[in-house]
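Chain A is the first sequence line, chain B the second, and so forth, proteins listed ahead of strands; every chain is numbered from 1. Source: prediction; values computed, not measured.
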Amino acid sequence: DTGVSQDPRHKITKRGQNVTFRCDPISEHNRLYWYRQTLGQGPEFLTYFQNEAQLEKSRLLSDRFSAERPKGSFSTLEIQRTEQGDSAMYLCASSPFKGLNTGELFFGEGSRLTVL
Amino acid sequence: DAKTTQPNSMESNEEEPVHLPCNHSTISGTDYIHWYRQLPSQGPEYVIHGLTSNVNNRMASLAIAEDRKSSTLILHRATLRDAAVYYCILRDSSGGYQKVTFGTGTKLQVIP
């Protein structure tokens, strides 16, 4: 198992374009999370999946953002009509379900988005 | 998740111990204390977690105050590779899922 994989690692796009990021979690991890991180800040929670169900979305996730996890395995995060304020590192994490809700989160290396 | 307070930055000399403090005065009885760190240009990685007793693993030790309102992450011999942002997080073990919330953490600088 090679850990959480994210693709692409870097994306430069022009304002108004759509971008999609993919996350492949550690196999058999049924929980998957997306975070966004800007320079000097900690990761901000965006959304959470348990298997294929999206169970929580942050208010940070505007209508231009959509995330899916169609078969409970990989996930995609799409940003439509990108804005310069969307420039950030997008982090994906996965974890196995543990009954005490304290399972370790395993993060990918992130996808860095630059909107020109 | 309950709120934690950490210093913005700390410095340590290489090969010396480092004590990274975290205050969590509103911690509840079911909150676990977790530490993650984030190396430059990487995603965060898990370091250690505990509930009441002090904990040790290959990366670090976690010392938890008796009243649980504060904790300290201890790196026994800092190396240059330990230069990172360290996040102290509380995770409620009761009930269903709760999101993991990161603060701004402590940026540790290790001086050669």
| Cluster question for you: counting only ILVMFWY and a side-chain heavy-atom cut-off of under 4.5 Å, with indirect links fine, are B:Val18 and B:Ile33 together? | yes
| query | When hydrophobic residues are tied together by side-chain contacts of less than 4.5 Å, even through go-betweens, does A:Leu105 share a cluster with A:Tyr48? | reply | yes
| query | Which pair of non-hydrogen atoms, one from A:Arg9 and one from B:Ser41, has the smallest distance, and what is that distance? | reply | NH2-O, 4.2 Å
| request: Spell out, yes or no, whether B:Val55 and B:Val47 are grouped together once hydrophobic residues are joined by side-chain heavy atoms under 4.5 Å, including indirect joins. | output: yes
| Where do A:Glu104 and B:Tyr36 land on the side chain to side chain contact (heavy atoms under 4.5 Å, CB included) test, with the steps shown first? | CA-CA 9 Å; A:Glu104 173 186 346; B:Tyr36 282 75; 4.2 Å; yes
| query | Of the non-hydrogen atoms in A:Leu91 and B:Gly43, which two are nearest, and what is the gap between them? | reply | CD2-CA, 3.9 Å
| task | For the residue pair A:Pro43 and B:Tyr87, establish whether any side-chain heavy-atom pair is separated by less than 4.5 Å. | result | yes
| Does atom CG of B:Leu39 have more than 12 heavy-atom neighbours, drawn from other residues, nucleotides or ligands, at distances under 6.0 Å? | yes
| task | State yes or no: do A:Tyr33 and A:Leu113 share one hydrophobic cluster built from I, L, V, M, F, W and Y residues joined by side-chain heavy-atom distances below 4.5 Å, directly or via other members? | result | no
| Where on A:Gln37 is there a heavy atom nearer than 4.5 Å to chain B: the side chain, the backbone, both, or neither? | side chain
